[in-house]
Every structure is written in C-alpha cells, then in structure tokens.
Amino acid sequence: MGVANRLDLTLRLVQGSDRVSVSELSHRLGVSEMTVRRDLDALERQGLVRRVHGGAVATRSREEGAGFAAREPWEAATKDRLGAAVAAMVEPGSRVLLDAGTTTVHVAEHLAERAPLTVAVLSLQAAVSLADRPGIDLLVVGGRSRPGERSLVGPLALRTLEALAFDCFVLSIGGVHAEHGWSEFSLDDAAVKQAALAGATRTIAVADATKLGVRAFSQVAPLGAVDDFVTDAAAGDAATHPNGPHTLAALRDAGVRTTLARTGP
C-alpha cells in the first residue's frame, strides 16, 4: 500500500468516528499496529489528528484536511492507468454518468478518446476536464458542491439523477469490503451514489488497491450491485495488500467481473 494512500485512508477513518483505536485501524487497514502508530504520528505532526491513549481523534474536518486538492497528486500514475482501463470498457455512443473523485478525473481524460459520448458528471473537476472536448456532449448534474471535495450532492443532484437514465455509471468508492459491500465516508456522497446506481443499466466501479477491505462510514450497496470492478494489479498481492485477495474473491463470488490493471512501467 502506498504511504500517501494509507495516510489518506487512516485520516478518513479517524475523521469518520469520534475516536478510533490503534487496534481498529490496524484491523480495517490490514497493517500492523506499529505502522498505524507511525502513521498517526505523521498525521499529528501535520496537525490533522490528535493522539489519545490507545488511538486518535481528528482535529480538522475532512474538508479542511484531506480534500480533493490534497489527494489529487497522490498515486497519479496508478490512477491514470485505472482511468484508461475504465474508459476502454465504455462503448462509443453511450450515455455515461461519471462519479466524483480523484480517480474519475483520470477516467474523464481518457473518455474523450471514446467519443462520441454523452457524459454527465458529478464532479466540478471532471467537468473542467471534459468541457469543449470534440464529440463529448457534457451535462453537469446540478447540486451543492461539497467544500474541499468538489463533488455535487444534495436534493437537487438527487432529483436530477432520478429523472435521467444512463447506459453506464462509473462509480468511485471509498471502501469495498467482502462482508459490508461498497461504502463511502460521506452520507451525502453515499446518497448520490445510491441514486446513480438505480438509474444505470451497467455500473463500473473503480478504486485503487488500498480501498479493498476498507469499511467506510456509510454503506452504498452490497457487492452484487456492481457489474465490473477495476483496480490495480497490486490488489492480488497479499504481502502488500492483506485484504486484497479475500475481497477480490468475494467480488467474484458475488458475480462482479474484476479487472486488475497493470500499473508498472
């Protein structure tokens, strides 16, 4: 697991609870307690968490401390290869709904190569990426922009999604767990994803390997609600991602087609 991605996940888990213990973080991230303590020390030096006996509490909201701009450069090469793999699965002429997130911005860049497409976006950054691209009919889903995240949420976004139908929904996710399914750190984001799932004929989920085995705050759907899952090849390596192989097996048992994108040079 990349250090930057692990720190991000650690911070999200701390911010999703009043107080989280070292042992719980170790279990949910699939790393040793010594690694968790080292990561919490690093986050405390940045002023993002405060160490307490046996665990940690957040000192800033997620919007202040770990928003889109902070995460965007992390593991960019891996996310770009994931974006290319997802875009290759989208048929030209499709009506596509693109979720918010740093990985789906890379999907947006590669979707331009699959034109003509109608693409609705739940992200201000994806809208910027696709604006004025030849062959892309761009629709920006209405809603409130979450501070720091640039994702579009709220009643207006939900009403818009209820009125539309899509051939394909590209789902970005905070966590995928063998027993608890797909989950997100924000209730608002989870609600939008649920509405998007209901209006799409096919759903392609995408996430890097660090999300496997993670149970975030709000469940979005059971594993079988998704048709395809794209992640990086490291997900199958138990030495670096202890939760990866078990989660991948659960996905396949649920009927989800899995693609491990090559992320090496």
Side-chain angles (χ1 to χ4, degrees), residues 2 4-5 8 67-141 149-152 161 164-174 176 182 184 189 192-193 196-197 199-212 226-236 248 251 256-265:
N5 272 342
D8 178 42
F68 183 98
R71 300 195 315 276
E72 186 175 16
W74 294 354
E75 307 291 346
T78 295
K79 293 174 183 178
D80 191 63
R81 290 185 175 91
L82 294 178
V86 171
M89 300 169 71
V90 175
E91 293 295 327
S94 299
R95 297 166 301 174
V96 181
L97 176 61
L98 189 59
D99 204 356
T102 56
T103 301
T104 48
V105 171
H106 291 275
V107 177
E109 289 288 340
H110 290 282
L111 277 179
E113 303 163 10
R114 306 293 289 171
L117 291 171
T118 297
V119 184
V121 296
L122 289 162
S123 158
L124 297 181
Q125 288 300 111
V128 170
S129 176
L130 288 169
D132 303 319
R133 293 291 188 97
I136 300 295
D137 186 10
L138 177 64
L139 171 65
V140 180
V141 174
E149 289 301 314
R150 305 171 191 173
S151 58
L152 297 168
L161 292 175
L164 299 174
F166 298 95
D167 299 308
C168 179
F169 171 41
V170 178
L171 166 70
S172 175
I173 201 69
V176 52
W182 309 95
E184 260 305 336
D189 279 337
V192 168
K193 294 172 197 293
L197 281 165
T201 301
R202 177 191 184 193
T203 296
I204 304 171
V206 58
D208 64 74
T210 64
K211 308 302 192 301
L212 275 68
V226 163
D227 300 287
D228 295 272
F229 177 53
V230 178
T231 188
D232 51 284
L248 289 174
L251 284 162
V256 181
R257 295 179 292 269
T258 58
T259 299
L260 302 184
R262 185 180 64 85
T263 56

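Here, residue 1 is the first one in the sequence, and each next residue gets the next number.
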Report yes if some heavy atom in the side chain of [X] is under 4.5 Å from a heavy atom in the side chain of [Y]; otherwise report no.
X: H110; Y: V86; result: no
X: V140; Y: L152; result: yes
X: L97; Y: V141; result: yes
X: V170; Y: L111; result: no
X: L212; Y: F229; result: yes

**OP:** With rounding to the nearest 0.5 Å, note down the distance linking CG in L122 to CG in L139.
**Re:**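 Here the rounded value is 9.5 Å.
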
Subject >> Distance (rounded to the nearest 0.5 Å) between F166 CZ and L161 CG >> reply: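 These two atoms lie 6.0 Å from each other.
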
**OP:** Determine the sole option in D167, T201, D137 for which the side chain to side chain donor-acceptor pair (under 3.5 Å) test with R95 is passed.
**Re:**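 With R95 as partner, D167, T201, D137 yield a single side chain to side chain donor-acceptor pair (under 3.5 Å), made by D167.
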
Which atom pair, heavy atoms only, marks the closest approach of [X] to [Y]?
X: A85; Y: V230; value: CB-CG1, 3.9 Å
X: A100; Y: S151; value: CB-CB, 3.4 Å
X: A108; Y: L98; value: CB-CD2, 3.6 Å
X: V105; Y: A126; value: CG2-N, 4.2 Å
X: L260; Y: A235; value: CD2-CB, 4.4 Å
X: G93; Y: L117; value: N-CD2, 3.8 Å

Original post:
Quick one: salt bridge (Lys or Arg N to Asp or Glu O under 4.0 Å) pairs with a partner in residues 103-123, sequence neighbours left out?
Top reply: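 Sorted pair list: E109-R133.
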
For [Y], does its backbone N or O pair with a side-chain atom of [X] as donor and acceptor, under 3.5 Å?
X: S172; Y: D99; result: no
X: D227; Y: I204; result: no
X: S123; Y: Q125; result: yes

Subject >> Salt bridge present between R81 and D232 (N-O < 4.0 angstrom) >> reply: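 The answer is no: the pair does not qualify as a salt bridge.
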
**OP:** Could you walk me through whether H106 and L82 pass the side-chain contact (heavy atoms from CB on, under 4.5 Å) test, one step at a time?
**Re:** CA-CA 8 Å; H106 291 275; L82 294 178; over 6 Å; no

Original post:
Looking at residues at least two apart in the chain, or sitting in another chain, which of them share a side-chain hydrogen bond (donor to acceptor under 3.5 Å, both in side chains) with D228?
Top reply: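 D228 satisfies side-chain hydrogen bond (donor to acceptor under 3.5 Å, both in side chains) with R202, R257 once adjacent residues are dropped.
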
**OP:** List the steps and the verdict of side-chain contact (heavy atoms from CB on, under 4.5 Å) for V226 and V176.
**Re:** CA-CA 11 Å; V226 163; V176 52; over 6 Å; no

**OP:** Would you kindly say whether T78 and D208 are connected by a side-chain donor-acceptor distance under 3.5 Å?
**Re:**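 Per modelled atom types, T78 and D208 side chains form no pair under 3.5 Å.
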
